[in-house]
Amino acid sequence: MNFKHVHRIAALSVALACANASALQSGEDVPFITSPDNVTLEMLSAARVGPKDHVLDLGSGDGRIVITAAKRFGASGMGVEIVPDLVERSNRSAKDAGVADRVSFRVQDLFKTDLAQATVITMYLLQEVNLQLRPAILGLKPGTRVVSHDWDMGDWAPDRTTVVAVPDKKVGLEKSSKIHLWTVPAKVAGLWCGAGLLRGASLELAQKFQRFEGTLRHRNRARELKGTVEGSTLRSVTEKAGELVLEVSGSQMRLVAAGGPLTLAQGQSFTRAGPEGCR
């Protein structure tokens, strides 16, 4: 995949100092650095790519990630790349691999790319670029998976990181690559009001990326919650009441599983509060 958009990133030369610095040409062109096959496979496996997925590779280089996603995992996909020769090469490779009917490659600025088309986004970009993309990624459909080779997204910690051996790695001193996986979380912060058997209950949540905490109030009792948002699913575990699982769909949050006093309320819902709060 590509390290690119050097005009946006003053620190790029530092990150590539251990690579072939002589390949930089007039501060504009940066050689693309290929993700080894074992790294490509780990990225796609970490995201659990399957036939129903559409993989979007930002900075697709020679196209191998999108082509592998189609050939090995049955997915469709698209790669965006700013170097025309690499796009032509990728489209030829897709045809040779017999997947040209399911994948495509475009000469396109990744910052102008519609990310919403993807169920899985893959990238090998610098952290500075990841951070610029982060607001758009967090606005995607909950459950969208994002995989980055080596570079993270600052204080948005990955859900999982794996390390893959890369003996011939040319960038940096370590002969391994980190594969970071994130799942876009639903936006759950705010006040939610119970309905049905939960009428009179309220759920107030604070959220930082895929972590949440808050208070569930019901029948003059308060229960402190803390847990994770996995796509559209909230999970909170306490020793006394067991696991609490809620599923978000738009302005509704359904109680999927609960222990203790809320067991009988399974299947009931909360609705996001309006300006007047809960009544």
Side-chain angles (χ1 to χ4, degrees), residues 47-48 52-54 114-121 130-147 152-160 180-279:
R48 305 180 308 281
K52 295 182 179 181
D53 283 312
H54 184 73
D114 177 15
L115 306 182
Q117 62 187 293
T119 60
V120 176
I121 295 174
N130 289 357
L131 290 175
Q132 289 180 63
L133 289 168
R134 194 173 80 174
I137 290 173
L138 284 166
L140 295 175
K141 181 179 178 180
T144 302
R145 288 96 75 201
V146 182
V147 190
D152 61 29
M153 289 205 216
D155 60 345
W156 182 15
D159 299 322
R160 188 178 71 173
H180 302 294
L181 170 70
W182 297 263
T183 302
V184 175
K187 293 179 172 63
V188 302
L191 180 64
W192 300 77
C193 307
L197 294 177
L198 289 171
R199 185 172 181 81
S202 66
L203 178 60
E204 190 163 11
L205 300 175
Q207 178 180 11
K208 184 174 182 180
F209 305 119
Q210 71 271 52
R211 305 288 178 183
F212 76 89
E213 59 183 29
T215 304
L216 172 61
R217 294 182 172 86
H218 184 51
R219 295 178 180 173
N220 298 318
R221 305 176 80 173
R223 176 177 173 180
E224 298 303 315
L225 303 178
K226 183 181 293 186
T228 59
V229 186
E230 304 166 6
S232 296
T233 303
L234 287 76
R235 297 182 185 275
S236 176
V237 179
T238 62
E239 292 182 4
K240 293 183 178 180
E243 185 178 46
L244 183 72
V245 181
L246 300 122
E247 190 74 25
V248 181
S249 179
S251 61
Q252 300 291 313
M253 184 185 296
R254 188 169 68 90
L255 183 61
V256 177
L262 291 175
T263 301
L264 295 178
Q266 291 180 152
Q268 302 299 301
S269 296
F270 293 86
T271 301
R272 188 178 286 280
E276 70 282 359
C278 295
R279 295 180 177 179

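All heavy atoms count here, side chains included; hydrogens, waters and symmetry mates do not.
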Minimal non-hydrogen separation, V229 against G231, with atom names: CG1-O, 3.4 Å
Any side-chain heavy-atom pair of V188 and V248 under 4.5 Å: yes
Should the pair R145-D159 be classified as a salt bridge under the 4.0 Å nitrogen-to-oxygen rule? no
Full working for side chain to side chain contact (heavy atoms under 4.5 Å, CB included) between H180 and V146: CA-CA 8 Å; H180 302 294; V146 182; over 6 Å; no
Shortest non-hydrogen separation from S236 to K226 and the atoms involved: OG-O, 3.1 Å
Heavy atoms only: give me the nearest G250-W192 pair and the separation to one decimal. O-CH2, 4.1 Å
Ignoring hydrogens and geometry beyond distance, is a side-chain donor-acceptor pair present between E224 and T215 at under 3.5 Å? yes
Q117 side chain to D114 backbone, donor-acceptor under 3.5 Å: yes
How far apart are the C-alpha atoms of R199 and Q268, what are their side-chain angles, what is the distance that settles it, and do they pass the side chain to side chain contact (heavy atoms under 4.5 Å, CB included) test? CA-CA 9 Å; R199 185 172 181 81; Q268 302 299 301; over 6 Å; no
Using every non-hydrogen atom in the two residues, find where V120 and A47 come nearest and quote the distance to one decimal. CG1-CB, 3.9 Å
Does a side-chain heavy-atom distance below 4.5 Å link L234 with L244? no
Looking only at heavy atoms, which two atoms of H218 and A201 are closest? And how far apart? ND1-CB, 3.4 Å
List the steps and the verdict of side chain to side chain contact (heavy atoms under 4.5 Å, CB included) for L198 and L262. CA-CA 9 Å; L198 289 171; L262 291 175; 3.9 Å; yes
Nearest heavy-atom neighbours spanning L255 and A265: CD2-O, 3.6 Å
M253 vs L203 side-chain heavy atoms within contact, under 4.5 Å: yes
Within the side chain of D53, is there an N or O that forms a donor-acceptor pair under 3.5 Å with the backbone of T119? no
dist T144:OG1 -> L115:CG (nearest 0.5 Å) comes out at 9.5 Å
Close side-chain approach of F209 and R134, heavy atoms under 4.5 Å: yes
Side chain proximity check, L225 to E213, heavy atoms < 4.5 angstrom: no
Any side-chain donor near an acceptor of the partner, T233 and E247, under 3.5 Å: yes
Please tell me if the side chains of P142 and E230 come closer than 4.5 Å, counting only heavy atoms from C-beta onward. no
Mind checking whether S202 and F270 have side chains closer than 4.5 Å, heavy atoms only? no
With side chains defined as the heavy atoms from C-beta onward, is the minimum distance between H54 and I121 less than 4.5 Å? no
Atom pairs and distances, side-chain donor-acceptor, residues 272-279, under 3.5 Å, sequence neighbours left out:
from, atom 1, to, atom 2, distance (Å)
R272, NH1, A189, O, 2.8
R272, NH2, K187, O, 2.8

Chi angles and distances behind the side chain to side chain contact (heavy atoms under 4.5 Å, CB included) call for L138, W156: CA-CA 10 Å; L138 284 166; W156 182 15; 3.6 Å; yes
Are T183 and Q210 linked by a side-chain donor-acceptor pair shorter than 3.5 Å? no
